[in-house]
Amino acid sequence: MPTEHAELTTEQVLRRDIPWETYMTTKLITGTGLQLLRRYDNRSESDRAALLDDDGPAYVHVFVSILCDIFKEETVEYVLALIDEMLTANPKRARLFYDKSLASEDTYEPFLRLLWKGNWFIQEKSCTILSMIVSARSKNQGGVTANGESSNSKKQLTTIDDVLKGLVEWLCVQLKNPSHPSRGIPTAITCLVTLLKEPVARSLFVQADGVKLLVPLISPASTQQSMQLLYETCLCVWLLSYYEPAIEYLATSRTLQRLIEVVKGSTKEKVVRVVILTLRNLLPKGTFGAQMVDLGLPQIVQSLKAQAWSDEDLLEALNQLEDGLKANIKKMSSFDKYKQEVLLGHLDWSPMHKDPIFWRENITKFEENDFQILRVLITILDTSGDPRALAVACFDLSQFIQYHPAGRVIVNDLKAKERVMKLMNHENPEVTKNALLCIQRLFLGAKYASFLQA
């Protein structure tokens with residue numbers, strides 16, 4: 001792809017002088033077409049607006065005809081820039097493409113073709129124009145008809161479904177292998193935000209395995225540019241969170257972890273808002289609720305609530321999310337609650353720590369994920385500055401030694417002894433008492449140490 005095309009701007013392209021008379025002599029445009037173009041070309045925005053108000057469909061017809069019949073790159077770029085400018089100035093003009101007078105014309109075909117055939121400027125403009133046309137269609141036009149598809153037309157016209165299919169396919173290709181190094185992905189995501197409002201597009205995107213292409217883009221942003229890309233990616237995920245088949249894909253990827261990372265590190269209100277609204281949608285689905293609790297979302301929601309947000313929707317969603325998470329915690333088994341406490345490092349003397357029934361019933365669960373919970377307890381001994389957490393961690397290790405048949409061996413293998421020994425000199429008496437109990441159980445074994453239980 002030639003670099004000069006990659007960096008072309010609309011302003012540069014619109015400064016070109018296109019030889020319309022030559023095109024008329026070679027019968028590539030009609031006399032009427034030439035007249036319309038002469039009136040429109042190089043005029044002010046207000047003059048152009050008046051011409052479009054009077055003769056909008058005729059201009060769409062001329063622009064589309066040129067894209068169908070003329071293949072010279074400079075001219076194609078120029079006409080795409082004209083259409084883009086016309087629609088950007090007033091997006092409602094996209095409705096002109098659905099005018100009855102254009103019913104027998106294949107209005108979408110040139111744009112779909114140019115998505116794949118043109119340089120980056122042409123691809124980007126075709127994508128933007130098509131997504132504006134898609135979002136302008138009135139709902140009663142359904143998803144099956146073309147822009148009026150006449151019954152007597154000989155050839156099959158490109159339908160809006162063809163457009164959605166072609167666009168989704170092109171967007172997935174851009175996300176995998178962008179045509180432009182810095183603008184390919186942002187352009188694709190901006191277009192997706194528009195498209196995913198359409199149920200048909202959601203379905204096509206999921207079928208094309210597009211959901212997994214969004215996941216790597218959900219990561220904390222540093223620059224203004226990456227912030228906008230992150231925001232629009234999260235908007236796409238939010239739109240997909242209303243669509244059941246997409247939710248299954250979201251559940252089997254790292255989407256939830258990444259959304260929570262983003263919301264933890266973001267101060268941008270619009271980003272926080274769209275992520276919280278997405279999490280609220282996902283909360284009642286499948287195992288999302290339990291995962292959210294595991295990932296520490298209840299604490300994050302609490303700290304977000306303490307901040308001064310101005311957005312009412314965000315505040316309401318935070319309250320709903322908090323209530324939903326509380327309900328999920330209530331449903332959790334005692335071991336799930338214990339695990340949650342340990343993984344978050346928020347250890348306290350809740351009843352289960354000293355409850356023999358809890359330890360007898362759940363002792364084998366400590367073996368899950370290669371003794372994950374024990375490893376975390378030992379890490380807490382190294383890293384926590386909270387005396388209560390240190391005391392409880394020592395006590396829980398001593399409980400494990402007492403209730404697990406191989407408790408002493410396992411705790412020794414995990415190199416806990418040195419860490420507990422250090423804590424025997426801690427300034428807090430609660431910590432030293434429980435460190436001592438743990439060391440006694442490590443040395444004496446369960447049978448004798450049970451007499452020493454405080």
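If you're wondering where the values come from, they're calculated on a predicted model, not measured in any experiment.
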For the [atom1] atom on [X], are there more than 12 heavy atoms of other groups (residues, nucleotides or ligands in this structure) within a distance under 6.0 Å?
X    : atom1 : value
R95  : CZ    : no
E418 : CD    : yes
Q257 : CD    : yes
K337 : NZ    : yes

Roughly how far, to the nearest 0.5 Å, is the [atom2] atom of [Y] from the [atom1] atom of [X]?
X    : Y    : atom1 : atom2 : value
I133 : R137 : CD1   : CZ    : 12.0 Å
L279 : L325 : CG    : CG    : 8.5 Å
L80  : L114 : CG    : CG    : 6.0 Å
M292 : I300 : CE    : CD1   : 11.0 Å

Carefully, step by step, assess D162 and T159 under the rule side chain to side chain donor-acceptor pair (under 3.5 Å).
CA-CA 5 Å; D162 297 330; T159 66; 3.2 Å; yes
Determine yes or no for a side-chain-to-main-chain donor-acceptor pair under 3.5 angstrom, with R280 supplying the side chain and A317 the backbone.
no
Looking at E7, is its backbone amide N or carbonyl O close enough to the side chain of R183 to form a donor-acceptor pair, meaning the two atoms are under 3.5 Å apart?
no
I'd like to know if the side chain of [X] pairs up with that of [Y] as donor and acceptor (distance under 3.5 Å, no hydrogens or angles considered).
X    : Y    : value
W170 : Q123 : yes
E248 : T252 : no
T187 : T190 : no
Q174 : H180 : no
T9   : Q12  : yes

Should S101 and D99 be marked as a side chain to side chain donor-acceptor pair (under 3.5 Å) after you check the CA-CA gap, both sets of side-chain angles, and the distance that decides it?
CA-CA 5 Å; S101 65; D99 193 83; 2.7 Å; yes
Would a 4.5 Å heavy-atom cut-off, applied to side chains only, mark [X] and [Y] as touching?
X    : Y    : answer
T128 : T88  : no
I122 : E73  : yes
R202 : V206 : no

side-chain hydrogen bond (donor to acceptor under 3.5 Å, both in side chains) involving [X] - partner list, sequence neighbours excluded:
X    : result
K285 : E244
D311 : R273
Q228 : E232, K270
H353 : E341, S350, D396

What ring pair (Phe, Tyr, Trp, His ring centres under 6.0 Å) pairs are there with at least one residue in residues 197-242, not counting sequence neighbours?
W238-Y242
Please, which pairs that meet ring pair (Phe, Tyr, Trp, His ring centres under 6.0 Å) have at least one residue in residues 244-280, sequence neighbours excluded?
none
Regarding [X] and [Y], does a basic nitrogen lie under 4.0 Å from an acidic carboxylate oxygen?
X    : Y    : result
E368 : K365 : no
E74  : R16  : no
K125 : E77  : no
E21  : R38  : yes
R93  : E85  : no

Which residues satisfy the side chain to side chain contact (heavy atoms under 4.5 Å, CB included) test with N319, sequence neighbours excluded?
K305, E322
Those residues at least two apart in sequence (or on a different chain) that pass side chain to side chain contact (heavy atoms under 4.5 Å, CB included) with L213 are C172, L175, K176
When you look at K268 and L230, which way does the side-chain contact (heavy atoms from CB on, under 4.5 Å) test go after all the steps?
CA-CA 11 Å; K268 216 38 175 174; L230 170 64; over 6 Å; no
With W309, which residues qualify under ring-ring contact (aromatic ring centres under 6.0 Å, His included), at least two apart?
none
Among residues at least two apart in sequence or on other chains, which ones pass ring-ring contact (aromatic ring centres under 6.0 Å, His included) with F366?
F335, Y338, W359, F400
Please enumerate all residues that pass salt bridge (Lys or Arg N to Asp or Glu O under 4.0 Å) together with R254, with sequence neighbours excluded.
none
Please report the closest heavy-atom contact between G345 and I380, naming both atoms and the distance.
CA-CD1, 4.0 Å
For residues 53-64, which side-chain N or O atoms pair as donor and acceptor with protein atoms under 3.5 Å away, sequence neighbours left out?
residue	atom	partner	partner atom	Å
Y59	OH	L36	O	2.9
H61	ND1	E105	OE1	2.9
H61	ND1	E105	OE2	2.4

